[in-house]
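Each ligand, and each atom within it, is numbered from 1 in the order the structure gives. Note that this is a predicted model, so its numbers are computed, not measured.
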Amino acid sequence: MDLARFPTFSLVHRPTPLEHLKHLSTALDGPKIYIKRDDCTGLAFGGNKSRKLEFLIGDALEKSATTIVTVGSMQSNHVRQTAAAAVKAGLKCELVLDWRVPWTQAAYGNSGNILLDRLLGATVHLCSRDEGRNDKADEVMAAIEARGEKGYFIPTGGSNAVGSLGYVDCAVEIMEQVKQQNIKVNHVVLASGSGGTQAGMMVGLAGAGSSISCIGIDIDHDPVSVRAEVAGIAAKTAELLGVCAQVEKAELELAEGYGAPEYGMPNPKTIDAINQLAQTEAIILDPVYTGKAMAGLIDMITKNRFGKDEAVVFVHTGGGPGLFAYSDIFENTP
Ligand SMILES: *Cc1c(COP(=O)(O)O)cnc(C)c1O
C-alpha cells in the first residue's frame, strides 16, 4: 500500500494516542479495551474528518481549487473541520447546512459546531428540511464557477475514495502503535455514518494483511444504507490503492440496533454510555456518533461477543463540540 503517492495537505497532529481504558475494562470484565484518540487530531477541536481532509484538501490544491464546498447537518463535525481545513489551506469555504434532525433546542442552531463554522469565517447557506442540500450545493458550485473561480465539492462526511485514504492512514498508524507498545489487538470498533471511516479502516487493515477485524456500529438507524455505502466506498478505495484482492476477502461487519431512534437523536443507552465514559475515564463522547458506538461496544461486551483474552480498540472519532447543542439532555446529570 503506497499512500505517499497521493497529494496531501498536513492537518493532523500524529500519531494520536492509543490508550488503555483501565477502569472501563475492569468494570465490564470482558476484553481489554483500548481507545484510539482521533478526537485529538488537533484541528479546531479535532475528529475523524481531519484525516480525510488531508487527502481531500491535497486533491483540491492539486486541482487548483479556490473554494471548498461541502454539505451537512447544522451540527456536522465534518463541516466544522472542513471550514477549519480551508482556513489552514488559504482557501474559501461555502457550507450548505440543513436542520433535518428533529432536535429543537435553540443551541442546535447557534452553538457547538455551527458557532465554530461561523467563527472560522465560512459562508453558510441554510437550506430547509425538504430542499435537497446536494441540489443547493450544485447551485453554490455553479455560482462559484460563474464568478470565474474554481470550486471543489466534498460530499457528506468527506466520504469518497479519496477521503477514505485518511482511514487507511489511521489503520497503518494503529498497526505501528500495536507493534511499538507490544500489545495484541483483535478488533477495531468505530461509529459508521456516511461510511468512509469504516471503509478506509477495513481497506487499511485488509490491505496490509492484518488479522485485526473492523466492526462498524450503525449510528444512522439505517443499516441497509450504511452497509451499502461502506461496501461501495471500500471497493473504490481498494481500487485506488491496488489492493482489491485482499479487500474482497475481508468481511464487512456492521453492528445494528444502537442507532435508534434516528440520525442525530440519542436513545437512553447512548446517554448512559456518555455518562459512564465521562465518569470512569474522563473521556467525553457525543450523542450523535461516539455515544451510540460506545453503547454498542458495551452491549456487545455484555453479550460476550469478545473473548476475555482478546483486546479491542475503540476509535474515538470526535464530535465533542456537538455535545453543547444537546445540553438539555444532561440537565439532571449525574
Ligand atoms: C462523521 C463522524 C463519524 C462517522 O464517520 P463516517 O466516515 O461518516 O462513517 C463518527 N464520529 C464522528 C464524531 C463523526 O463526526
Side-chain angles (χ1 to χ4, degrees), residues 16 35-41 43-53 55-56 70-85 101 112-113 116-117 154-171 188-204 214-223 225-234 236-237 252-255 258-259 263-264 266 270 273-274 277 283-297 314-326:
T16 59
I35 191 163
K36 175 64 172 165
R37 297 295 303 274
D38 269 17
D39 55 323
C40 301
T41 46
L43 177 73
F45 294 139
N48 62 339
K49 304 310 182 307
S50 300
R51 284 193 195 265
K52 299 178 178 183
L53 285 160
F55 289 90
L56 292 162
T70 197
V71 294
S73 63
M74 197 72 91
Q75 285 298 330
S76 165
N77 302 299
H78 158 69
V79 162
R80 179 241 318 155
Q81 288 163 82
T82 302
V101 173
N113 284 299
L116 298 169
D117 299 341
I154 298 180
T156 311
S159 282
N160 57 19
V162 172
S164 257
L165 294 173
Y167 270 81
V168 173
D169 167 64
C170 183
V188 168
V189 174
L190 47 79
S192 207
S194 62
T197 303
Q198 186 177 358
M201 185 66 74
M202 251 183 82
V203 170
C214 174
I215 305 170
I217 311 255
D218 163 40
I219 58 84
D220 273 2
H221 197 46
D222 189 2
S225 311
V226 173
R227 175 179 288 274
E229 286 295 324
V230 175
I233 301 164
K236 289 194 185 110
T237 310
L252 195 172
E253 236 188 297
L254 185 74
Y258 307 110
Y263 172 79
T270 317
I274 295 172
L277 266 287
I283 292 286
I284 308 303
L285 302 178
D286 79 290
V288 181
Y289 296 98
T290 55
K292 285 182 175 177
M294 182 55 80
L297 174 61
F314 177 82
V315 183
H316 192 328
T317 43
L323 189 59
F324 299 96
Y326 292 82

Exercise: do Thr41 and Lys49 side chains pair donor with acceptor under 3.5 Å | no
Interatomic distance, SG@Cys170 vs CG@Leu165, rounded to 0.5 Å, equals 13.0 Å
Which protein N or O atoms sit under 3.5 Å from any N or O of ligand 1? Give atom names and distances.
from	atom 1	to	atom 2	distance (Å)
ligand 1	5 (O)	Asn48	ND2	3.2
ligand 1	5 (O)	Thr197	OG1	3.2
ligand 1	7 (O)	Lys52	NZ	2.6
ligand 1	7 (O)	Gly196	N	3.3
ligand 1	7 (O)	Thr197	N	2.9
ligand 1	7 (O)	Thr197	OG1	2.7
ligand 1	8 (O)	Ser194	N	2.9
ligand 1	8 (O)	Ser194	OG	2.5
ligand 1	9 (O)	Gly193	N	2.7
ligand 1	9 (O)	Ser194	N	3.2
ligand 1	9 (O)	Gly195	N	2.8
ligand 1	11 (N)	Thr317	OG1	2.6
ligand 1	15 (O)	Lys49	NZ	2.9
ligand 1	15 (O)	Asn77	ND2	3.0

side-chain hydrogen bond (donor to acceptor under 3.5 Å, both in side chains) test vs Thr197 passes for just one of Asp38, Thr317, Asn48, namely Asn48
Minimal non-hydrogen separation, Gly264 against Val101, with atom names | O-CG1, 3.6 Å
Around Phe324, counting heavy atoms of other residues, nucleotides and ligands shown, do more than 12 lie under 6.0 Å from its CZ?
-> no
Quick one: CG on Asp169 to NZ on Lys52, what's the gap to the nearest 0.5 Å?
-> 13.0 Å
